[in-house]
Amino acid sequence: MAEDLQILEGNKEEQYQSLIPQIKGLLEGETDEIANLANIAAALKEQFGWLWVGFYMVKDGQLVLGPFQGPVACTRIQLGRGVCGTSWKEARTLIVPDVEKFPGHIACSSLSKSEIVVPLFRNGEVIGVLDVDSSELDQFNETDRRFLEEIVTLLH
Ligand code: SME
């Protein structure tokens, strides 16, 4: 696969539909988890321009910062803490339209205004989360949930 991403302008659904086959191409034949997480974070950041896109992976009972694109971030998150730790604990996607209204939100960047966190599953267990932050309020909806949940299944 060519290493240049084709960036599509259009509505969100069209952008995801253009991006997903390209992500599949990037992952094809590559089994290294870090390489694949890194390319997914980069592809999402490049297409959508969000403030922060990255992964926290479960290690020794904590979420530990993995490959990401964006400003430096906190490295460890406990189960049930913040949006990421809550998504992990509840094993479900969380959409937060206004992070200031989410009790216990962990502000890695004061620029972050809204957030979506999608768990990664392996054998029914949460093994990590995809975290996306926007510098604008209310940036994530059911379209993001649907496509981001699809994208993380490509990691298997
Ligand atoms: N805001 C997240 C922490 C991670 S940073 O946004 C990159 C949270 O509340 O879990």
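Order of appearance sets the numbers: ligands from 1, and atoms from 1 within every ligand.
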For this session: Nearest 0.5 Å please: distance from the CD1 atom of Ile23 over to the CG atom of Asn39.
Result: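 Nearest 0.5 Å value for the CD1-CG distance: 9.0 Å.
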Problem set entry | Rounded distance [0.5 Å steps], CD1 in Ile116 versus CG in Leu130 |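 Reported value, rounded in 0.5 Å steps: 8.0 Å.
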Could you check whether any side-chain heavy atom of [X] comes within less than 4.5 Å of a side-chain heavy atom of [Y], counting everything from C-beta outward?
X      : Y      : result
Val126 : Phe121 : yes
Val53  : Phe48  : no
Leu8   : Gln22  : no
Trp50  : Asp144 : yes

For this session: For His105, counting its heavy atoms only, list the atoms of ligand 1 lying under 4.0 Å from any of them.
Result: 1 (N), 9 (O)
Exercise. Of all the atoms in ligand 1, which lie at a distance below 4.0 Å from a heavy atom belonging to Gly82?
Worked result: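 Those atoms are 9 (O), 10 (O).
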I need the nearest protein heavy-atom contact for [atom]: residue, atom name and distance, please.
atom                    : value
atom 3 (C) of ligand 1  : Ile106 O, 3.5 Å
atom 10 (O) of ligand 1 : Cys84 N, 2.8 Å
atom 6 (O) of ligand 1  : Asp133 OD2, 3.1 Å
atom 4 (C) of ligand 1  : Asp131 OD2, 3.3 Å
atom 5 (S) of ligand 1  : Cys108 SG, 3.1 Å
atom 2 (C) of ligand 1  : Glu115 OE2, 3.1 Å

For this session: Classify the ring geometry between Phe147 and Tyr16 as parallel (under 30°), tilted (30 to 60°) or perpendicular (over 60°).
Result: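 Answer is parallel, since the angle falls under 30°.
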Exercise. Going by distance only, is there an N or O of Arg81 that falls short of 3.5 Å from an N or O of ligand 1?
Worked result: no
Exercise. So is there a nitrogen or oxygen of Tyr56 less than 3.5 Å from a nitrogen or oxygen in ligand 1?
Worked result: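 For ligand 1, there is no N or O atom that lies under 3.5 Å from one belonging to Tyr56.
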For this session: Determine, considering heavy atoms only, which of Val53, Leu51, Val83 sits nearest to atom 8 (C) of ligand 1.
Result: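 Nearest heavy atom to atom 8 (C) of ligand 1 lies in Val83.
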Exercise. Taking NZ, NE, NH1 and NH2 as the nitrogens, is one of them in Arg122 or Glu125 under 4.0 Å from a carboxylate oxygen of the other?
Worked result: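 The answer is no: the pair does not qualify as a salt bridge.
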